[in-house]
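The shown structure was predicted, so the numbers you read here are calculated from the model rather than taken from an experiment. Side chains included, hydrogens not; waters and symmetry mates left out as well; all remaining heavy atoms used.
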Amino acid sequence: MEDVILVNAQLLLPGHPLHLQKKHLHLRSGILVNISDTPLQVSGALYVESPALKVSWGWFDLRACFPDPGFEQKETLQSGRRAAAAGGFTEVALLPNTQPVVDDKDTLRYLQSDNARELVQLHPIAAVTKKAEGKEFSEMIDLHRHGALAFSDGLHPIQDSDLVLKTLLYLQPFNGLLIQRPEDTHITRFGVMNEGVTAVQLGLKGMPALAEHLMIQRDLALLEYAGGRIHFSCISSARSVELIRQAKARGLAVTADVAAPYLLFDETALKGFDSVFKLNPPLRTAEDRAALWQGLRDGTLDAIVSDHQPHEIEAKQLELDLAAFGMSSIETVFAMSTMESKLPTELVIEKLSVAPRKIAGVPLPPFEVDQAANLTIFDDSIEWIFEKSRSLSPAHPLLGQRLKGKVLGVVNNQKTEWFL
C-alpha cells in the first residue's frame, strides 16, 4: 500500500467545515485515512511538503475537447487524460464534436468505458442535434438515461431559434442543462480575430463581439419565455458579462463560464501573427479582459474552463486565415487564472471545483476519513518552467515560459499521480 502524508496543507474546500484550515493528511492507496492537527509519523510514507501546500476537491473542467474517436491525431482519450491530470483536473466534461458525433448511446459508452479504472473521469456532453448539424434532434432522453452530463452542439452554436426553444422545453422534465457557446455565425463568417483597431492594423477580417451579444440576448429571451436552464460557455466580452449579470438579477436560470486563456491574453497577442492565439470566440480587448475578471469576482461568471481544443501541427502552423481555431490549454488553467493575482486563490478554486459540479448537477466528492479521495494538491507560490506538454498538440501559448502556481498531484478513483 502507498502511504502519503501531506504536511500542514491548507484545505480549500468552500462550504466544508474545514475550509481554510491547515491539516496534516494521511492517504493510503487513495483513501483518506487520517486528518490531523499534529504532524503524522508513518513508516515508509511519501511526505509531501511545499512552502504553500494546498489541497482542494479535484478540479472539474466543464469544457474540453478530446476529439477521440475520429481525430486521434489531435488528442486521444489517454493523452487528454494525461494532460488533464497534469493540469490538476480529476474530472472533465467533453464536447460532443468527435467522429462520429456523440449523438447516440454507443459513442457515449465509448467515452465512459474506462472511467472505472482511470484516475481522470470523463463526462460526455451529448449533442442536441444529430451530427451537431443544427437540424434534427438527437434522442436526448435516451442519452440522458445513459449518462450524458448535459446537451450542446459544442463547437457549433445552435443558430435556429426554434431548436433552442424546443430544447429548453424538452430538457425540463429531467432538469437537463443546455450549454451554448453564444455566436451568430452569420456575422463572424470568414473572420480571423476580434473586430477592432488591431484587426485593421494587421489587415485581418474581424469577428465582432456583436455576434456574441445578439445570441445571448436571443437565448435569454427564449429562456424567459420557455423556462429551463441554460449555461453560456466561453464568454469573451464586457457587454456579454453585463447581459448575464442583468439576467441573473431578473432571476433567470442562467450560468456562465470563461475560458482561462481569455483571462491572460487579449487581441494584441495576435500582433505576431501567431496562429496559437487564433481562437473562437476571439481574444478581445484589454477592457473586455478586465470585465471578465470582474465577472468572476462578483459571481456573474460562475466557472473557469480550459476550452482545451488541441490540434496537430499541420492544422495550426499555417497562415492565420487557414489555421484552425483553438489551443491546448488544459495543463495551465490554474497558472493562467492566478499568475496576475487578480483573484484570491480560494475563489479561483471555487470556480474550478465547486461551481462546475453545481452547474452540471454532480455532487461534491466526500472529504471524510475512510472515504476514497478526489483531490488536487498544489502550491500557488511555486514558480516553474512549463517545459513539456502531455497533450499531443504543440499549440500551447505557454510552452517554455516561467509560470507561477503549480499542480503537485491528483488523487481520484483510488489512484494517485504526482508532478513533484
Steps toward side-chain contact (heavy atoms from CB on, under 4.5 Å) verdict (Lys342, Leu296): CA-CA 10 Å; Lys342 297 286 183 69; Leu296 288 169; over 6 Å; no

Working for side-chain contact (heavy atoms from CB on, under 4.5 Å), residues His16 and Leu11: CA-CA 9 Å; His16 193 281; Leu11 306 181; over 6 Å; no

From CA spacing to verdict: side chain to side chain donor-acceptor pair (under 3.5 Å), Asp380, Thr338: CA-CA 8 Å; Asp380 56 358; Thr338 57; over 6 Å; no

Residues Asn412, Leu375; criterion side-chain contact (heavy atoms from CB on, under 4.5 Å); working and verdict: CA-CA 7 Å; Asn412 187 32; Leu375 301 173; over 6 Å; no

Derivation of the side-chain contact (heavy atoms from CB on, under 4.5 Å) call for Leu398 and Leu264: CA-CA 11 Å; Leu398 296 177; Leu264 193 60; 4.2 Å; yes

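Sorted by first and then second residue, the pairs that involve residues 72-90 and meet salt bridge (charged side-chain N to carboxylate O under 4.0 Å, His left out), not counting sequence neighbours, are Lys74-Glu312.
Remark: Arg117 engages Asp114 in a salt bridge, criterion side-chain N to carboxylate O under 4.0 Å. Using a cut-off of 4.0 Å between Lys/Arg side-chain N and Asp/Glu carboxylate O, Arg181 and Glu183 are scored as salt-bridged. Asp257 has no carboxylate O lying under 4.0 Å from a charged side-chain N of Arg63, or vice versa, which leaves the two without a salt bridge. Salt-bridge formation is not detected for the pair Arg239/Glu242: no Lys NZ or Arg NE/NH1/NH2 atom is positioned less than 4.0 Å from an Asp or Glu carboxylate oxygen.
In this model, no donor atom of one side chain and acceptor atom of the other lie less than 3.5 Å apart for Arg284 and Ser237. Using modelled atom types and a 3.5 Å distance limit, the side chains of Arg297 and Gln294 yield a donor-acceptor pair. Judged by distance alone, the side chains of Ser391 and His396 never bring a donor and an acceptor atom under 3.5 Å apart.
Open room surrounds NZ on Lys404; 12 or fewer heavy atoms of other groups in view lie less than 6.0 Å from it. The number of heavy-atom neighbours closer than 6.0 Å to CG of Leu210, taken from other residues, nucleotides and ligands shown, is above 12. The 12-atom threshold is not exceeded at NZ of Lys166, counting heavy atoms of other residues, nucleotides or ligands nearer than 6.0 Å. Within 6.0 Å of NZ in Lys22 there are 12 or fewer heavy atoms belonging to other residues, nucleotides or ligands. No more than 12 heavy atoms of other residues, nucleotides or ligands shown are found within 6.0 angstrom of OH on Tyr225. Residue Arg145 places its CZ atom among 12 or fewer non-hydrogen atoms of other residues, nucleotides or ligands, all under 6.0 Å distant.
With a 4.5 Å cut-off on side-chain heavy atoms, Val362 and Leu149 count as touching. Side-chain contact check for Leu283 versus Met193: every heavy-atom pair is 4.5 Å or farther apart. Within the 4.5 Å cutoff, no side-chain heavy atoms of Lys415 are placed close to those of Glu118. A 4.5 Å side-chain heavy-atom check between Gln159 and Met215 finds at least one atom pair inside the cut-off.
A donor-acceptor pair under 3.5 Å is absent between the side-chain atoms of Arg289 and the main chain of Glu267, judged by distance alone. Asp302 places no side-chain N or O within 3.5 Å of a backbone atom of Pro356 that could act as its donor or acceptor partner. Lys271 places no side-chain N or O within 3.5 Å of a backbone atom of Gln201 that could act as its donor or acceptor partner.
Taking each heavy atom of Trp418 and Glu2 in turn, the nearest pair found is NE1-OE2, 3.5 Å. Residues Leu53 and Asp379 share a closest heavy-atom pair of N-OD2, 3.9 Å. Across all non-hydrogen atoms, the minimal contact from Glu195 to Pro208 is OE1-CB, 3.5 Å. Across every non-hydrogen atom of Gly299 and Lys248, the tightest pair is O-NZ, 3.0 Å. Heavy-atom minimum distance, Asp103 versus Lys131: OD2-N, 2.9 Å. The minimum heavy-atom distance linking Ile235 with Val241 is given by the pair CG2-CG2, 4.0 Å.
Legend: residues meeting salt bridge (Lys or Arg N to Asp or Glu O under 4.0 Å) with Lys406, ordered by chain and number and at least two apart, are absent. Considering only residues two or more places apart in sequence or on other chains, Glu346 meets the salt bridge (Lys or Arg N to Asp or Glu O under 4.0 Å) condition with none of them. Judged as a salt bridge (Lys or Arg N to Asp or Glu O under 4.0 Å), and not counting sequence neighbours, Glu139 has no contacts. Under the salt bridge (Lys or Arg N to Asp or Glu O under 4.0 Å) criterion, Arg357 pairs with Glu91, sequence neighbours left out.
Ring centroids of Phe378 and Trp59 are separated by less than 6.0 Å, placing the two rings close together.
Ring pair His308/Phe66 is perpendicular by interplanar angle, where above 60° counts as perpendicular and below 30° as parallel. Relative orientation of the His123 and Phe60 rings is parallel, given thresholds of 30° and 60° on the angle between their planes.
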What side-chain donor-acceptor pairs closer than 3.5 Å can you find for residues 317-329, not counting sequence neighbours?
unit_1 : atom_1 : unit_2 : atom_2 : d
Ser329 : OG     : Ser306 : O      : 2.7

